[in-house]
Structure formats: structure tokens, C-alpha cells
Amino acid sequence: MSRGFYIFCAALLALILLFLGLMLTVTQWLPRLAGIWLPADTAIALEGNPRWHNGGLLLPGVRYHTGDCELASVSNVTLSRHNQRWQLGADNLVVNPPCLSKLPAGESSAAPRSLAAWQQMLPHADVTINQLVITPYQQYAGKLQLSLDQKQQQLHYQGDSLRFSAQLHGQQLDIQQLSINHPALAQPVTLAGQLTLPVIPDGVPQAGELHGDLALQGLPQPLQLQLNWQQQHGKLLVRQPGDVTPLLSLPWSITPQQIEVQQGEWRWPYALQPVSGGIALTLSQWQQGLAATEIRARINVLTSGRGGKGNVVLSVGPGHLDMLNSQLPFRLTGASKLQALQFYTTIPGLIQGSLLDPRVTLQPGALLRMRGRLLSTLEVDEARWPLAGVKVSSAGIDGRLQAILNAHDPSMGRFTLHLDGRATNFWPDKGRWNWRYWGKGYMAPLTAKWDVAGTGSWLDSTIELNTLSTGFDRLSYGMVNVKSPRLTLNAPLRWQRSAEHPAFNGEFQMTARETTLASGGYLPSSTLNFQVKGRDPADFLFNGALQAEAIGPLRVNGRWDGARLRGQAWWPQQSLTVFQPLLSNDLKMKIQSGTLRAQVAFSAAADQGLQAGGHWSVNNGSVWMPDNEINGVDFSLPFRLKAHQWYFGARGPVSLRIKEVKNQFALGNIRADLQGSYPYSEKQPLRLSNVSVDLLGGKLTLEELALPQHQAATVRLREISLSELVTAIKPKQIAMSGRINGALPLWLNHPQWLIKEGWVANSGSLTLRLDQQMADAISSNNMAAGAALDWLRYMEISRSWATINLDNLGELTMKAQVDGNSRFRDKHQRVALNYTHRENLFQLWRSLRFGDNLQSWVEQNATLPSQKEKNSHDTDN
């Protein structure tokens, strides 16, 4: 082989080695070579070495930095050529626009190229980026596809929240689809239209028209959007289909010096309170970039309601917005008159910081006031929110938060509440907010003054009520007067709002001094301790116990689910003697013995009211009073309550049993059953049945009394002993023996009668004996009465019958027939008495001086027997 061949092989080997060396060190020399054409203080960095893959060049990763800020990064870049078109692809491209502000300002004296010139420079290429992310708008990430050549350019973008398709032919841009989705929108916003781009692509389009739809919740049809312009003027319109007057009209004009919106108008008639207003906007020096653009704007809101017409004006500027350092002052002033409320505001403020993360600072003098009707009857005299120094940013609210509320209710009273605290980077469930609160008021229905005070905090997802003290000086309602009731915390009330570990717990105590009753009794000082435990204020369990010295404990537990309160209360068996303080001393009644126990289940909700059911039971009760003594009381009360309707006897009738009542008339074996509804009706009657009493050696019974009453309830007397009756009354002037029966038809709702056509009759023979001294006294005072009375000194009655009527005014009418034999001075005389007696029974109860009344009656009504009767009796003798 020739020497030249060896030289060629050596040169080829050197080139191969050089190429391999360059490829192996590309990550070092390529970024430095590219730095020759890149702006100052910028650089690119390669991740991994390029390699050949599937017929194309593969770069694992490329990063572009400006200073210490990463402007863009791309992964898995591929470059190939197919069908005379370049194919450029990438898996991910992340662009960070805030880094653009760090690019050095460049100066170029070259004349700007036209759009056609730029298009002629484009290669025949297809670009596909599977995931394009522009921070901080990651929610709009999607797939980007570009098709480029000198005649036509196409763009397709497909994401979950943003879709865009467009074609560019020369200066004509055809937007086929622009769809933007947002969680606040019911449906995506869609736009389409055509634009004519300027010859030099450094300004706004020369002409164009866009149209689209915007669907909002609460509106039956989507709103129609229309944006059109010609040269330096245009208008944006938003209208409801079929409406002549648009909801938004923004006429605008643009010059190299400023963009201006004048006499813009807006209205919103679909809210409870229709509002409208105007818009004006001026952007000066806009071509010099966002940081140099001076912003001035004015927006007003016109309202009409209680108190007349209102106007709130938002003035913005002069100032600017910047990616790093915005300085834009604003001022919100005016009055808003709504249907029931009126707001008055003076809020100066300043927008500062990065445009992507601005901070709003409210300046001295910031104040929001309100007055008007907050609820149906609650009238707000004034509510004040001092806001000076408060800062609002994405980190949260920072500063002092205050509120003062003065309000009154014509029927409930008036009150004043204060809230004062400090927030540190606070948003709900983020940051810290500590507060204290206090207030006082007067509650008219209870004629009571009240107060409240306490402290609390909201730290991240935990709301805590550290202290609470609220109560009344006294409560007066109906027949009850409670002294100094007060509610406090035994342990802090905490609400952990975390979705992973929600919790709600706390301990309360309610105390009260002596509770007096109109009847004269009282409830001793009482304490109610109860605890709550659950997930949140709309889902928790509660349990507690009420104790009033020896009375109690009354235990209660249950659950609140946000809509319905359910629970049960029970009273363990306890001696009746502990209830002695509930009885007035004027009653001179002493509880001797007995026990009480009770259990109640209840449920309460807005749609059903209060529902309850349970059972009260008293066993072997005994009560002593100066004139009588009641022993062996057994009382059972099963009940239900639903829709303000009581039903007694849910599981068996209400039962009352009393062994004995010791008084002037001894009573024994008292029984009564009650079952039915109250208030009662035709479909839901109330029945009193099985009533019976042993008295005076006989029995009183009532089979059934039904309400509403359609027939008389007959009270029956069986074998009542007159000797026991006389013994109980203890008259000195008369003695009787024998037994009687009777039936008294009882009416409770008759227009006239309480007892109609009742009767009383003897059961067997009766005897009547008058006191000798009384008879002698009558004889000495009245000869005629004395002669007749001689035949009544001792009489055996074979038949007696009386009819009784009692009206609802208490007037008693009794017609009686008495047949018998009288014996006096060894003579027998047949006696027949027919008389009618009228007296007001209600007045009769005021006195039971039976003997004196009898003596007076005999003196006025006794007459001599007829001569015929006298002769016949004489014949019998």
C-alpha cells in the first residue's frame, strides 16, 4: 500500500476520534458555544448526552436559565426528518414567565421584520409537545401541536381546562375554537372568530370579530359574547339572548400611547337586588411593557332599596402592576342601599407586590358600616368593621380584626356585641386568628338583663372556644322566676375541621340559684353539667346530668345530626321527700314517703317540631296535711307528644291508685284510668274510665267519661251509709241510719246543666232521730212547728226518693218524697213529706253547718199532718 493510503486512514481515524470526543463532551462545549448567541447572563444546560434513537436525534433534557431563575425546561427532545418535513417533539415543556423580568434589556437598531418575512423564515416542520405547562397556571396544561410552512401555520392545543385551534394564512388568523373551563363556571366559555393581524407583528390586530357563549348558574340560557374592532376602535358586548339592552357594553379605543374605555355600562337584573353602573379605564404607555403602564380606572355600582338610592364608587390608580413590584392605589367609597340593609364604606387601600401574588393593604380610615333589618324582626342600629392596617394576600389576612354590633328587636329587646382579635396569615383552616368577645343586652320577654364574654382562637384547622361566661341576672317567665342562671365552660370547646381526623368536643356547666314558683315553692340551687363529642357542630353526641341539691340527678343523652335533635332523659328512682321544697309552706303539706322514677325519649327538628314519649311513675306516695292524710298513692303516666298533640296512655292507660284518704269523709281504694288525646277531638277523644271510690260504707263509681261528650257520664252511688255520713259531719242535732243509692248524670259541655235528672233513693229502711234539746227548743218557740216536729223526733222511713238537677251556675233543685212512720209518746203516726229545695251549691260548700241549717229549715217548713191521716193512724194504734 502507498504512503498516501496510510495518511488517509490516519486522517479518517482522527476525524472519527474527534467526532466521538465531541459527542462524549457535548454537554460541556455545546452550552458554551450557544452562549455566544444567547443574551447576557443566560445559559443552557444539557442533561445527559445526545444519542441516535429511532432514526432521529434524542436529547434527554435541556434547561434554560436566566441568572438563578429557570426560564424553561424540556425533557426527551427528539429531532428527525420525514417526508421532507422536520419532526420536533418533546415529552414535557415547562415555562416560567416570571423569569422573563430577569432577562437583560436588549437594544437593536435593526428594522423590525414584517409578518410575511417571519413566515418566509419558517421551515417545513411539525412540532408536538405532549405536555406544555406554564407556571403558575398548571391547571391549563395540555398537548401542543404545530404545523409550520411558509404559506400556512396551524396550532392545536388540547387540555382539561383549555382547548384552542387556529389557522394563520398570511395576515388572516382564523380561530376555530377557544374553550376555557373553570370550577366557578357551569359550562366552558367558548369563543370563535377571525382576526386580521398587522403587517408588523408588534401591535394589536387591525380588525377582527370574536363571538362566543358563557353559561352561568341561575340563568336559563348562556350569555352571548361579542368582541369586534376596526383599526383603533372597538366594543365588547355581553347580552342575554333576546335582550335589546346588553348586560355589558365596553367601547374602547387604542393608540400607541394609551388604551381607553369610556362610557362603559353594565347591569345585572337577575339578583334579588338589581344593580347597574358604569366603567371607565385608561392604560397609558402600554407599549413600554406592563411595569411602565399607568393604570387608571373607575367603576360604580348603583343600588335602590330601603333608604333610597345608593352609589358605590371604586377608584383605581394612578399606579402600575408589575410581575415583581406592583404599586396600585384604590379607594372604595359610597353607600349601597339594598332591600333591607344599607352599607356605608370608606376603604382606601394599596395593591403591592408581584402581579401573580399581590398584597392588598387597607390604609388608615378604612371603615365599613351597616344598618337595617338583618332578619325578619332584628333591626341593626349600627354595625362597624374598622379595617385600617389589615393586609390581604395569598398567604392570608394579617392585622387587627374588629366588629361592633348594636341591634334591637321590638319584641325581644336590644343588645351590643364586640369582637376584637388579631389574624396572622389567616385563611379558613390556615394560619392563626385569636379573638375575644364581650357584650350585653336586655331580653324583654323574660324581663332580664344578660351578658356574655369569652376568648377563642382559630389555628389552622382547629377552632377553639377557650372561655365562655354568659347568663342572665334573672329569668321571669310565666309562674317561674330563676335567679342568676349562667353558662360556662368546664373544658375548652374544640372543633378540629380536618377531613382526615374531624373532632368536636367540649364540656359545659349551667348553674342557677334558687328558682321560685308562683305557687310558693322553690327549686334549690341547680347545676347542669353536660359534654359534647362528635365530628363537627352538625354531628355530635351529648350527655349530662341535672342536680338541684337532693333533687336528681336527671340524666340526659342524645345526638344532634345537623337537622334533628334526638335523645333520652331518665330519672333514677328517688324518694319523693326530696321534692318537699317544691311545695309552698302555705299548703301545710308534707311529703311523708314514696318514690318517683321517669324516662323520656325525645326528638326535635324544624320540619316536625318536638316529639316525645315516655313514662312517669310514683309508687306508694304519702302526703300529710292538717285536715287529711293521703296514703298509698300509685301513679303511672305513659305518654306521647307529637305535633303539639299529647296522647296519654301510650302503652296502657294513665293509672291512679290511692289506698286511703283520711279526712272528715274517709275515702279508700280510689281508682281512675285515663287514655286518649289532648287537645281532644272527634277523631281523637279523651276517655276517663274505671273511676271508683270507697266512701261512707259504700262506693262511688263512674264507668266512662268521653270528651268530647255526647252522652251523660253517670256517677253512681251504691250503699252509702247515712250513719257514717252523719258521723263524719258530726251534727249534734240529728242522727240517721240506713243506706242510699243514687245516679247523677254528669255533663261537662251542656249549655245549661251539670247534672240533669239525677236521683237518690233509700236502700232498705232509714231511721231519723232528732236531738231532744233541739226539738224542745223548736216547740217552745213555735207551737205549730213543735206539734209537727213531735212526729219527727223518731221516724222510720220506708221509702224516700229525690230528683236532683244542677245547672252550670250552681243552682241546685231537689224534689223529694219521703214516706215513713213516726213514733212519739207511744203513738204511731204515718208521715208523708213532699218538698222542693233550691239552693246555690257553690255557696253551700262554704259552710257545712248541717245541724243549724236543718233546724232553720224545719222551723220554716214543718206543718201539722192532715186530720184524715191523724184519724187513720189513730185507728192503727
Side-chain angles (χ1 to χ4, degrees), residues 96 98 133 135-141 161 182-184 326 347 349-363 366 368 383-405 417-439 452-470 487-509 530-543 559-563:
N96 191 12
V133 180
T135 59
Y137 309 106
Q138 291 87 343
Q139 68 271 28
Y140 296 108
S161 300
H182 192 274
S326 300
I347 302 179
L350 180 64
I351 301 175
Q352 297 173 296
S354 169
L355 177 62
L356 300 178
D357 189 13
R359 181 178 68 256
V360 178
T361 302
L362 303 185
Q363 297 179 334
L368 175 64
R384 295 169 59 89
W385 291 274
L387 299 172
V390 174
K391 299 178 181 179
V392 183
S393 68
S394 61
I397 301 173
D398 191 274
R400 185 180 182 184
L401 300 180
Q402 305 175 73
I404 305 169
L405 174 63
L417 293 176
H418 296 258
L419 176 69
D420 192 3
R422 177 164 291 278
T424 304
N425 296 332
F426 173 77
W427 283 126
D429 297 335
K430 177 182 176 295
R432 174 183 289 274
W433 179 22
N434 295 322
W435 71 81
R436 64 187 183 97
Y437 56 93
W438 68 97
V452 63
T455 59
S457 65
W458 192 340
L459 176 60
D460 294 331
S461 60
T462 301
I463 300 177
E464 183 170 314
L465 197 61
N466 306 104
T467 61
L468 167 68
S469 178
T470 181
L487 177 67
T488 57
L489 288 176
N490 285 339
L493 179 66
R494 292 187 179 92
W495 179 15
Q496 173 54 258
R497 292 162 50 89
S498 169
E500 295 79 14
H501 305 287
F504 179 73
N505 55 76
E507 296 183 17
F508 296 85
Q509 183 180 85
F530 65 97
Q531 301 83 36
V532 296
K533 186 175 183 179
R535 293 174 54 87
D536 53 59
D539 184 7
F540 63 83
L541 303 176
F542 64 89
N543 66 84
R559 179 176 182 175
W560 167 250
D561 60 11

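Aromatic ring pairs are classed by plane angle as parallel below 30°, tilted from 30° to 60° and perpendicular above 60°; the pair His418 and Trp438 is parallel.
Of the possible donor and acceptor atoms, one in the side chain of Ser393 sits under 3.5 Å from a partner among the backbone N and O of Ala395. Within the 3.5 Å criterion, the main-chain N or O of Trp435 finds no donor-acceptor partner in the side chain of Trp433. Between the side chain of Asn434 and the backbone N or O of Arg422 there is no donor-acceptor pair closer than 3.5 Å. Side chain of Ser326 to backbone of Gly353: a donor-acceptor contact under 3.5 angstrom is found.
Using a 4.5 Å heavy-atom cutoff, the side chains of Trp458 and Asp429 are in contact. Residues Val452 and Ser469 form no side-chain contact, since every pair of their non-hydrogen atoms from C-beta on lies 4.5 Å or further apart. The closest side-chain heavy-atom distance from Asp398 to Val390 is not below 4.5 Å. Residues Ile347 and Leu387 have side chains in contact (heavy-atom distance under 4.5 Å, counting atoms from C-beta outward). Between Gln363 and Leu350 there is a side-chain heavy-atom pair separated by less than 4.5 Å. At least one side-chain heavy atom of Trp427 sits under 4.5 Å from a side-chain heavy atom of Ile397. Looking at Arg497 and Ile463, their side chains come closer than 4.5 Å, going by heavy atoms from C-beta outward.
For the residue pair Glu500/Ser498, the side-chain donor-acceptor check at 3.5 Å is satisfied. No hydrogens or angles considered: nothing links the side chains of Gln139 and Ser161 as a donor-acceptor pair under 3.5 Å. Under the 3.5 Å distance criterion, with hydrogens and angles disregarded, a donor-acceptor pair is assigned to the side chains of Thr455 and Thr467.
Listed by chain and number, the residues in a salt bridge (Lys or Arg N to Asp or Glu O under 4.0 Å) with Arg559 are Asp539 (sequence neighbours excluded). For Asp536, there are no salt bridge (Lys or Arg N to Asp or Glu O under 4.0 Å) partners, not counting sequence neighbours.
Remark: Ser461 OG to Lys430 NZ distance equals 12.5 Å, nearest 0.5 Å. To the nearest 0.5 Å, atom CZ of residue Phe540 and atom CG of residue Asp561 are 10.0 Å apart. Interatomic distance, OG1 of Thr424 versus CZ of Arg432, reported as 7.5 Å (0.5 Å rounding). Separating the CD atom in Gln352 from the CG atom in Asp357 is a distance of 12.5 Å, to the nearest 0.5 Å. Separating the CG atom in Asn490 from the CD atom in Gln509 is a distance of 4.5 Å, to the nearest 0.5 Å.
Shown here for Asn466 and Ser457, the closest heavy-atom pair between the two residues is OD1-N, 3.9 Å. Annotation for Gly439 and Leu417: closest pair CA-CD2, 4.0 Å, computed over non-hydrogen atoms. The minimum heavy-atom distance linking Ala383 with Trp385 is given by the pair CB-CH2, 3.8 Å.
Taking the six-membered ring for Trp and the full ring otherwise, the centers of Phe530 and Phe542 sit at least 6.0 Å from each other.
Summarising the local packing, CZ of Arg535 is surrounded by 12 or fewer heavy atoms from other residues, nucleotides or ligands at distances under 6.0 Å. Around the NZ atom of Lys533, the shell of radius 6.0 Å holds no more than 12 heavy atoms that belong to other residues, nucleotides or ligands.
One finds a salt bridge joining Asp420 and Arg400 here, because a Lys/Arg side-chain nitrogen approaches an Asp/Glu carboxylate oxygen to under 4.0 Å.
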Is there a side-chain contact (heavy atoms from CB on, under 4.5 Å) between Phe508 and Val532 once you walk through the steps? CA-CA 8 Å; Phe508 296 85; Val532 296; 4.1 Å; yes

Stepwise, does the side-chain hydrogen bond (donor to acceptor under 3.5 Å, both in side chains) test hold for Gln496 with Thr462? CA-CA 4 Å; Gln496 173 54 258; Thr462 301; 2.7 Å; yes

Give the C-alpha distance, both sets of side-chain angles, the deciding distance and a yes or no for side-chain contact (heavy atoms from CB on, under 4.5 Å) between Leu468 and Leu493. CA-CA 9 Å; Leu468 167 68; Leu493 179 66; over 6 Å; no

